[in-house]
Amino acid sequence: MKRSRQRRLLLVARTVISVSLLVYLLFQVNISQLLAASQHLSLALLALAFVLQLAGVFVSSAKWWLLLRACGQSVPYRWALQTYFIGQFFSNFLPTMIGGDAVRVYRLNQRLKQPAIALTSVFVERLTGFLALTVIAALALVRSAGTLQHTPALLWGATWCVVAASAGVLVALAAPLVARSLVRLPVPNIQDWRGKLQLLAQTLGEYYRYRRTLFTVVVMSFAYQLSWIGVNYAVIRALALAVPLYFTALMVPISDIIGLVPIFLNSIGARGGTFLLLLRSLGVSAASTVALSTLVFVVRMLVSLLGGLLYMLQGVTGSGVPPRTGMLAT
């Protein structure tokens, strides 16, 4: 009961912060300025942004599917794709504490009855994506340093974001070692947490043995991140904004990294605020920045709605249970 109350309070706090940021952004412009910024909007480029966003879901679900196949789980790609779409719906559309990753873990566990595989497969898929995101951000930061040199606060802020993300990647990569170390702690083994953690460490460590699959998944992660940057750049070009591609490759990952801080609701407000700060250094107006972040949000929501449609048709539980084969089969 206490935990449920804490979750509700956290949800309220995150909602207040995100809504406050949105209100602040909207107060920077008026309707006439927004209409003026969007008057020459290219619908063709906006459609391209939608296609790239859609393609990103196909790539991400294929990554997850390959990781599952590597550990001997014969989950159909169609099911993985549908589940990923449903997860996107929960992550990007519903104001809830239930994230898309939690939905994927739940549905996969319902199908396999192996919670360790369900949890670690989603974790590794996310980790490879965050690794690619961090590398792209670091390379783009080096390229954009000259552009940001006249705004030292932004340069240092972006640098610290990249450093924090890199540290997060290193900690995540060491997760199996950390989990094994925690198992050895001299504390009571309540509800066999030691055995469950040992199983998670073993399952996660097994993924690192599939080097060929991991290499493929990492390459696909870079493809996904580039497609996501492409979504933003297509909208930038649709609005005819003078923003270089290399600068887009910086501000998109930085906004994603900031959006991971658990004070925002579905990253709402984080992207718009980050874009506003960074694009101001290029002389882009607040109206154009708000138009950009709004259109990117709309594109993402439209793709997420496809997951909502699948959720309505299927429900949240998976269908069909394949044989439980693989590294943790009994």
Count I, L, V, M, F, W, Y as connected when their side-chain heavy atoms are under 4.5 Å apart, and connections chain through other members. Are Leu260 and Tyr224 then in the same cluster? yes

With a 4.5 Å cut-off on side-chain heavy-atom distances among I, L, V, M, F, W and Y, is there a chain of contacts connecting Val51 to Leu302? no

Report the C-alpha separation of Thr83 and Arg104 in whole Å, then their side-chain angles, then the decisive distance to 0.1 Å, and conclude whether the side chain to side chain donor-acceptor pair (under 3.5 Å) test is met. CA-CA 6 Å; Thr83 299; Arg104 284 197 288 150; over 6 Å; no

Can a donor-acceptor pair be found, under 3.5 Å and without considering hydrogens, that links the side chain of Thr151 to the backbone of Leu154? no

Check: Leu241 main-chain N/O paired with Arg237 side-chain donor or acceptor under 3.5 Å: yes

Do Ser288 and Ser285 pass the side chain to side chain donor-acceptor pair (under 3.5 Å) test, and can you show the C-alpha distance, the side-chain angles, and the key distance before you say yes or no? CA-CA 5 Å; Ser288 295; Ser285 68; 3.0 Å; yes

Say whether, by atom type as modelled, one donor and one acceptor occur between the side chain of Ser281 and the main chain of Leu277 under 3.5 angstrom. no

Between Asn232 and Phe275, is a side-chain contact (heavy atoms from CB on, under 4.5 Å) present by the stated rule, with each step listed? CA-CA 11 Å; Asn232 287 261; Phe275 282 11; 3.4 Å; yes

Which atom pair, heavy atoms only, marks the closest approach of Gly272 to Thr289? O-CG2, 4.4 Å

Closest non-hydrogen atom pair, Leu155 against Ala145: CD1-CA, 4.1 Å

Is there a donor-acceptor contact under 3.5 Å from the side chain of Asn109 to the main chain of Gln114? yes

Tell me if a side-chain donor or acceptor on Tyr208 pairs with a main-chain N or O of Leu173 at a distance below 3.5 Å. yes

Quick check: do Val162 and Ile254 have side-chain heavy atoms less than 4.5 Å from each other? yes

Kindly indicate, with the supporting measurements, whether the criterion side-chain contact (heavy atoms from CB on, under 4.5 Å) is fulfilled by Arg300 and Trp228. CA-CA 10 Å; Arg300 198 160 192 169; Trp228 172 227; 3.1 Å; yes

Say you draw a straight line from CG of Leu133 to CG of Asp256; how long is it, rounded to the nearest 0.5 Å? 5.5 Å

For Leu282 and Pro244, the nearest pair of non-hydrogen atoms, with its separation, is CD1-CD, 4.0 Å

Rounded at 0.5 Å granularity, tell me how far CG in Leu66 sits from OH in Tyr77. 9.5 Å

Is there side-chain contact between Leu41 and Leu295, with at least one heavy-atom pair below 4.5 Å? yes

Is there a side chain to side chain donor-acceptor pair (under 3.5 Å) between Tyr246 and Ser144? Walk through the geometry before answering. CA-CA 7 Å; Tyr246 70 83; Ser144 304; 5.8 Å; no

Below 4.5 Å, heavy atoms only, C-beta onward: do Cys71 and Ile117 meet side chain to side chain? yes

Are the ring centres of Phe58 and Tyr84 closer than 6.0 Å? no

Sorted by chain and number, sequence neighbours left out, side chain to side chain donor-acceptor pair (under 3.5 Å) with Gln53 holds for none

Could you walk me through whether Phe50 and Leu46 satisfy the side-chain contact (heavy atoms from CB on, under 4.5 Å) test, starting with their C-alpha distance in whole Å, then the side-chain angles of each, then the deciding distance to 0.1 Å, before giving a yes or no? CA-CA 7 Å; Phe50 178 84; Leu46 201 59; over 6 Å; no

Write down the atom of Ala49, the atom of Val235, and the distance for their closest heavy-atom approach. CB-CG2, 3.8 Å

Here's a test for you: under side-chain contact (heavy atoms from CB on, under 4.5 Å), which of Leu276, Val296, Ile258 qualifies with Arg271? Val296

Separation between OG1 of Thr120 and CG of Leu67, rounded to the nearest 0.5 Å: 9.0 Å

Is there a donor-acceptor pair under 3.5 Å between the side chain of Trp64 and the backbone N or O of Ala80? no

Do you reckon Leu170 sits in the same ILVMFWY cluster as Val124, going by side-chain contacts under 4.5 Å, direct or chained? no

Non-hydrogen side-chain atoms of Phe85 and Val303 separated by less than 4.5 Å: yes

Less than 4.5 Å apart, side chain to side chain, heavy atoms only: is that true for Ser60 and Glu125? yes

Between Ser255 and Thr274, does the side chain to side chain donor-acceptor pair (under 3.5 Å) criterion hold? Intermediate values first, please. CA-CA 6 Å; Ser255 67; Thr274 303; 5.5 Å; no

Leu48 and Val231: side-chain contact (heavy atoms from CB on, under 4.5 Å), yes or no, with the steps? CA-CA 8 Å; Leu48 174 61; Val231 170; over 6 Å; no

With the 4.5 Å side-chain cut-off for hydrophobic clustering, are Leu45 and Val298 part of the same group? yes

When rounded to the nearest 0.5 angstrom, what is the spacing between CH2 in Trp65 and CG in Leu68? 10.0 Å

Evaluate the side-chain proximity of Leu108 to Leu119: yes if any heavy-atom separation is below 4.5 Å, no if none is. no

Enter the distance from Phe247:CZ to Met251:CE here, rounded to the nearest 0.5 Å. 7.0 Å

If hydrophobic clusters are built by linking Ile, Leu, Val, Met, Phe, Trp and Tyr wherever their side-chain heavy atoms come under 4.5 Å apart, do Val135 and Val142 end up in the same one? no

Only counting residues at least two apart or in another chain, list the ones meeting salt bridge (Lys or Arg N to Asp or Glu O under 4.0 Å) with Arg126. Asp101

On a heavy-atom basis, which atom in Ser221 and which in Lys63 lie closest, and how many Å separate them? OG-NZ, 2.9 Å

Calculate, to the nearest 0.5 Å, the distance between atoms OG1 and CE belonging to Thr213 and Met220 respectively. 11.0 Å

Heavy-atom distance under 4.5 Å between the side chains of Val75 and Arg111, does that happen here? yes

Side-chain contact test, heavy atoms from C-beta onward, threshold under 4.5 Å: evaluate it for Leu309 versus Leu305 and give yes or no. no

